[in-house]
Amino acid sequence: KEYEKSESKLISQIHTVAANYATSSIAEVVSKLESIVSMLTDSSIRGDRLFTAFGSIDAMIESVEKMNRKFETDLQDIENEYRDLVEHCMIQAKRLYTDLLKICNSSRAQIFEVGGQTQMVKMDLPDEKEISEGASRAAIEKEIDFGANELKTLLLSDHDDKAVKKKIKSVIGSEKLLHKFIGKDSIQVRVYKIDINRENSGYKKWEDALTQNSGAEKFVVFFSVVLTLMNYTRSTAGFADKSAKSVLILDNPFGKITSGHLLRPMFE
């Protein structure tokens, strides 16, 4: 009776294990457990069935242990790749932050005859001392973890490659990384409006400049942004030498500008 009780319990356990792991990565191994059940219940088999069953189960355990060791190696590789990904995202976010600062700083021009240069483009970026790289890294890690879970759900469902790429871009795209690095969801851009009276000149939000500035004033704003980006790309390409000369060819460079108080700073 004890034997039959133990045999019944073992067979029940085998069925449970086979069912639980039927769709797992070790399904090929556990599927062979059914043959153990047949061996235990087939009275026509001669010889020591228990010894044979024990040997078979022992061999399966060894196979699963080998697979586990491979999984552990794979998981370690994934952990290493994850840390590399976070590090690359941090580097990219910090580079974007410092590049935006460079872009703003390269927008300086001599607007008025008296006084120093004026910065034509400003962004409300936090000061470098205000940014905690620890907090930035934690925010980026959290975003990657959240995005990875969303991506996993997407990959397990009906999906197309475009949807997957769109999701990846939304998680580790440059804009998202920058926002996580500086701890702000938006960056306000302000541009300098030049008025004929210096007292009336000042900074305006980019969106306000588009709707409130005159055509000539908008032209100067757009022109300053274009030249700022050109200055930036020249410097990143290694052409920032002050002795190097350059020529910009424009069709109708004056545009809508007819006033001297805008023409002079534009050429500056």
Side-chain angles (χ1 to χ4, degrees), residues 88-89 91-128 162 165-166 169-170 172-179 181-182 184-268:
H88 282 303
C89 287
I91 292 170
Q92 170 71 350
K94 189 172 184 178
R95 187 183 69 82
L96 287 164
Y97 168 74
T98 54
D99 283 3
L100 284 180
L101 291 179
K102 288 178 184 176
I103 287 172
C104 292
N105 287 330
S106 68
S107 69
R108 297 180 183 277
Q110 191 69 40
I111 304 300
F112 305 105
E113 292 181 6
V114 179
Q117 291 185 326
T118 301
Q119 189 171 312
M120 295 296 291
V121 181
K122 284 189 175 182
M123 300 182 191
D124 65 335
L125 294 164
D127 188 84
E128 198 165 359
K162 285 184 178 179
K165 289 178 180 178
K166 185 178 179 180
K169 188 175 181 181
S170 72
I172 56 172
S174 295
E175 185 178 355
K176 178 63 70 70
L177 292 177
L178 175 64
H179 289 314
F181 182 79
I182 64 175
K184 296 180 70 172
D185 292 330
S186 63
I187 300 170
Q188 188 184 94
V189 179
R190 291 181 298 148
V191 289
Y192 195 79
K193 176 187 180 297
I194 305 168
D195 193 89
I196 193 167
N197 295 316
R198 184 169 182 170
E199 294 75 20
N200 296 330
S201 299
Y203 291 98
K204 275 190 173 184
K205 292 181 183 178
W206 172 262
E207 51 269 32
D208 291 341
L210 298 183
T211 56
Q212 297 172 11
N213 284 16
S214 68
E217 289 168 343
K218 279 194 285 190
F219 185 95
V220 174
V221 166
F222 296 152
F223 192 61
S224 66
V225 171
V226 169
L227 288 184
T228 295
L229 293 174
M230 289 178 67
N231 284 336
Y232 164 72
T233 53
R234 278 168 56 82
S235 64
T236 55
F239 299 113
D241 186 353
K242 291 183 178 179
S243 64
K245 301 298 181 184
S246 60
V247 176
L248 181 64
I249 300 175
L250 295 171
D251 179 11
N252 185 15
F254 307 104
K256 297 179 179 180
I257 301 176
T258 57
S259 175
H261 81 281
L262 289 174
L263 280 173
R264 282 190 299 273
M266 188 194 92
F267 280 103
E268 284 295 333

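- Using a 4.5 Å heavy-atom threshold, the side chains of L250 and F223 count as touching.
- Within a 6.0 Å sphere centred on CG of N197, heavy atoms belonging to other residues, nucleotides or ligands number more than 12.
- Listed by chain and residue number, nothing satisfies the side chain to side chain donor-acceptor pair (under 3.5 Å) test with S201 (two or more places apart in sequence, or in another chain).
- Residues H179 and E175 have side chains in contact (heavy-atom distance under 4.5 Å, counting atoms from C-beta outward).
- Across all non-hydrogen atoms, the minimal contact from H261 to I196 is CD2-N, 3.2 Å.
- At least one donor-acceptor pair under 3.5 Å links the side chain of Y97 to the backbone N or O of P126.
- No side-chain heavy atom of M120 sits less than 4.5 Å from a side-chain heavy atom of L227.
- Pairs passing the salt bridge (charged side-chain N to carboxylate O under 4.0 Å, His left out) check and including a residue from residues 203-224, sequence neighbours excluded, read K193-E217.
- Between P265 and G260 the shortest heavy-atom distance is CD-O, 4.1 Å.
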Apply side-chain contact (heavy atoms from CB on, under 4.5 Å) to the pair L178 and I187, showing each step before the final yes or no.
-> CA-CA 10 Å; L178 175 64; I187 300 170; 3.6 Å; yes

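- In plain terms, the two heavy atoms of R198 and G115 that are nearest each other are NH2-CA, 4.5 Å.
- Note that the CG atom of L248 and the CE atom of M230 stand 5.0 Å from one another [nearest 0.5 Å].
- The shortest side-chain heavy-atom distance between F222 and L210 falls under the 4.5 Å cut-off.
- In this structure, CD1 on I172 lies 5.0 Å from SG on C89, to the nearest 0.5 angstrom.
- We find the CD1-NZ distance between I182 and K94 to be 14.5 Å, quoted to the nearest 0.5 Å.
- Distance CD1/I103 to OG1/T98: 9.5 Å, rounded to 0.5 Å.
- I111 CD1 to D195 CG: the interatomic distance, rounded to the nearest 0.5 Å, is 13.0 Å.
- Under the salt bridge (Lys or Arg N to Asp or Glu O under 4.0 Å) criterion, R95 pairs with D99, not counting sequence neighbours.
- A distance-only check finds a donor-acceptor pair linking the side chain of K176 to the backbone of S170 [under 3.5 Å].
- Residue pairs meeting the side chain to side chain donor-acceptor pair (under 3.5 Å) criterion with at least one partner in residues 101-113, sequence neighbours excluded, are R108-Q119.
- Evaluation of the salt bridge (Lys or Arg N to Asp or Glu O under 4.0 Å) rule for K184 yields D124 as partners, not counting sequence neighbours.
- Environment of CG in D251: sparse, with no more than 12 heavy atoms of neighbouring residues, nucleotides or ligands closer than 6.0 Å.
- To the nearest 0.5 Å, atoms CE (M266) and OG (S259) are separated by 12.0 Å.
- Of all non-hydrogen atoms in V221 and S224, the two that sit nearest each other are O-OG, 2.6 Å.
- Scanning for ring pair (Phe, Tyr, Trp, His ring centres under 6.0 Å) contacts around Y203 gives Y192, with sequence neighbours left out.
- Dense packing is recorded around CD of Q117, with more than 12 heavy atoms of other residues, nucleotides or ligands lying under 6.0 Å away.
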